[in-house]
Amino acid sequence: MSAVRVRFAPSPTGYLHIGGVRTALFNWLFARHEKGVFVLRIEDTDRERSTPEAIQAILDGLKWVGLDWDEGPIFQTDRLPLYKEHAGRLLAAGKAYLCYCTEEELESRRQAALARKDLPKYDGRCRLRSGPAPSDSSPVIRFVTPQTGQTTVHDQIKGDVVFDNSQLDDLIIVRSNGMPTYNFGAVVDDALMNITHVIRGDDHLNNTPRQILLYQALGFEPPRFGHLSMILGVDKVKLSKRHGATSVLEYQEAGYLPEALVNYLVRLGWSFGDQEVFALPELIEKFTLDHINKSPAALDPEKLLWLNGYYLRHADTKRVGDLLIPFLRRQGLLGEQETSDPVWLERLVRALRERSRTLPEMAEGAALYLRESVAMEPEAKKLLAANLRPAFEKLVTVVEQGTVFDHATLEHGFKSVLEQTGLKMKDLAQPVRAALTSRTASPGIFEVMLLLGRDRTLTRLRAAIDLMS
RNA sequence: GGUCCCAUCGUCUAGCCUGGCCUAGGACAGCGCCCUCUCAAGGCGUAAACACGGGUUCGAAUCCCGUUGGGACCA
């Protein structure tokens, strides 16, 4: 059993979308599980649509989610002589031929075939043509596809899928501009790179019999195939731009943790019993091709949010703090060059992560402590009843006179105010919360004070007292 | 239009291959309760699905056929 070699082979014609990431992830996990090799290949033969930005987006996206490749990136445009050589080999063996049919001719014959209710496939007329080549057109190369028999794809996910060769036509393997077509380039590369398992979207399932035939004509052993069903949008329609965030990097921008996205994506079509949360090493250990679901899966943003919250709560606080900084800057809570006190930042993270599902949410929560003042919610203001004034004044004194400003001291002081006034915790905590945060919901009241610091705590308590009069 | 794929709670899914353990399990979201200084988090509970129709079988979510519905590819 030779070592497993898999590849991810995107076309750099746009951003790396989430379906592509899942395909890459499944390949990567399979490679890691099998202690095999993960190859990154960029299929950039469509020069019109391929861009350097898209290439960069693919590399950045994979890096962000933590999918590292062992070989590559290999660019198809660097391998043009290879495709030419193999096409030449087929030509020499009579397994391929030059076709001079023009677009217009093909189109009219297609229409005619349709009118006769025949399959609108290429009629193979250039297979038999002889005589001088028409000078005014540049030919394409077509593959001589068998017209009888069947080709079976032994798919690792879908099972055996049988195609009648009579349905297939002589596909173009090299365009008139000399570029290999998708099917040909992929076959030549996968064969030459010794790819053992081709795991890709099931939009390629129908291409697979043609590819198997090409492998055979070229004298190569076909790899094993596994076709993943597509990811659908929330509306169960194939994912596209109009679904909003579909590019991986948009998830980074939106404040998701890569491990949350990975965990979410892997459960889209793959399962391990009832388990929902997987640490990466565990995923590598447990990931196999046999628990992959055959049916398409729709995206559920709520579940992603839940997972992200979960990872936010369990991640290292220092790391979350560092990740939070750009979002604080974005909300103008921190100057570009300014850094936050690391101890304070970790305290903030601990206080807010129980109540945030994304980093921007957390940054928003942080505003209450970082801004000089915030507009008071009407519901909060109502809590500042005049009869609470003596209690507030006592609290001010306690806070002022505390020898140290820490949780235990604050709690002790707060309790003493309760004792002196006969108030219950819930009678005083909520109004104090309103005074300190201008909101009716927040982290624990002592945590809030610690985040605000002594000065700002006192300022806000006094401001509240003024509002009571 | 042809070919191919798919079909379990609203969503992700377990179970399907190797029928009985399924009065169909888990998770997200929903709802309720508990905890509680609020909100969360956490805990407990609740509602919610085998697309439909035929077979096969003592017995079908599980096997077979068909229908319907989605999707992909080729145009």
Side-chain angles (χ1 to χ4, degrees), chain A residues 106-107 109-111 113-122 150-151 153 155 157-169 171 182-183 201-210 227-239 263-277 290-310 312-314 350-357 361-362 365 379-380 383 411 414-415 418 423-434 436-437 439-449:
Chain A
L106 292 173
E107 185 52 33
R109 274 184 262 153
R110 195 177 290 137
Q111 293 307 328
L114 244 22
R116 289 193 306 274
K117 298 214 158 120
D118 281 346
L119 285 180
K121 63 180 202 177
Y122 181 64
Q150 298 179 319
T151 301
V153 180
D155 197 278
I157 296 165
K158 307 272 186 186
D160 281 5
V161 185
V162 182
F163 294 86
D164 279 326
N165 292 342
S166 61
Q167 295 295 325
L168 276 23
D169 60 3
L171 81 152
Y182 165 74
N183 283 303
D202 72 1
D203 45 345
H204 291 302
L205 184 54
N206 284 304
N207 282 326
T208 309
R210 304 165 199 279
H227 287 94
L228 267 9
S229 41
M230 308 269 84
I231 293 182
L232 311 176
V234 195
D235 49 5
K236 305 219 94 188
V237 170
K238 190 183 187 229
L239 214 53
N263 196 146
Y264 176 70
L265 250 21
V266 80
R267 285 286 290 101
L268 233 42
W270 178 82
S271 59
F272 191 83
D274 286 341
Q275 194 170 343
E276 294 288 348
V277 177
D290 33 63
H291 284 102
I292 295 178
N293 211 113
K294 296 197 277 191
S295 49
L299 242 30
D300 180 2
E302 282 297 328
K303 191 159 182 177
L304 206 212
L305 243 14
W306 169 73
L307 268 170
N308 203 57
Y310 177 87
L312 235 29
R313 265 173 266 132
H314 293 266
R350 276 195 300 274
L352 295 182
R353 65 171 168 188
E354 301 284 303
R355 4 183 105 64
S356 313
R357 299 195 294 178
E361 258 180 55
M362 204 181 269
E379 290 304 311
L383 292 167
E411 185 164 359
F414 200 93
K415 291 261 167 72
L418 292 181
L423 289 168
K424 297 282 183 207
M425 184 70 185
K426 56 172 59 173
D427 300 325
L428 190 55
Q430 238 351 42
V432 169
R433 164 170 293 110
L436 297 179
T437 67
R439 301 281 120 99
T440 56
S442 83
I445 202 67
F446 307 117
E447 273 312 305
V448 167
M449 292 182 184

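The figures here come from the full heavy-atom set of this structure, side chains too, leaving out hydrogens, waters and symmetry mates.
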Practice task
Figure out the CE/C1' separation between A:Met230 and B:C73, and round it to whole Å.
Solution key: 11 Å

Provide the Watson-Crick or G-U wobble partner of [N], both distances under 3.5 Å; none if there is no partner.
N	answer
B:C17	none
B:U23	none
B:C31	B:G45
B:A61	none
B:C4	B:G71
B:U56	none

Under a 3.5 Å distance rule, please check whether [X] uses its side chain to pair with a backbone N or O of [Y] as donor and acceptor.
X	Y	result
A:Arg313	A:Arg357	no
A:Thr208	A:Leu205	yes
A:Glu302	A:Leu304	no

Distance, [atom1] atom - from [M] to [N], rounded to whole angstrom:
N	M	atom1	result
B:U46	B:A24	P	13 Å
B:U56	B:U62	C1'	13 Å
B:C21	B:G59	C1'	14 Å
B:U8	B:C50	C1'	4 Å
B:A61	B:G19	P	14 Å
B:G10	B:C22	P	22 Å
B:C31	B:C74	C1'	49 Å
B:C73	B:A29	C1'	35 Å

Handout entry: Heavy-atom check, side chain of A:Leu307 versus side chain of A:Glu276, under 4.5 Å
Key = no

Completion exercise
Here the gap from A:Leu312 atom CG to A:Leu305 atom CG, rounded to the nearest 0.5 Å, amounts to 10.5 Å

Completion exercise
In terms of heavy-atom contacts, A:Met230 and A:Gly201 come closest through CE-CA, 3.8 Å

Fill in the blank from the handout: Closest non-hydrogen atoms of A:Gln430 and A:Leu383, given as atom of the first, atom of the second and distance, are O-CD1, 3.9 Å

Exercise for the section: Evaluate the ring planes of A:Phe446 and A:Phe414, with Trp represented by its six-membered ring, and classify them as parallel (under 30°), tilted (30 to 60°) or perpendicular (over 60°). Expected result: perpendicular

Practice task
Tell me which of A:Arg357 and A:His204 sits closer to the 5' end of RNA chain B, going by the nucleotide each one is nearest to.
Solution key: A:Arg357

Problem - No-hydrogen, no-angle side-chain donor-acceptor test under 3.5 Å, A:Thr151 and A:Asn165 - result: yes

Fill in the blank from the handout: Given protein heavy atoms under 4.0 Å, the one-letter contact record of nucleotides 3-24 of chain B, with B base, S sugar-phosphate only and - none, is simply BSSSS---BBSS----------

Completion exercise
Going 5' to 3' through nucleotides 36-41 of chain B and flagging B where a protein heavy-atom sits under 4.0 Å of the base, S where only the sugar-phosphate is that close, and - otherwise, we get -BBBBS

Handout entry: Carboxylate-amine/guanidinium proximity below 4.0 Å for A:Glu447 and A:Arg350
Key = no

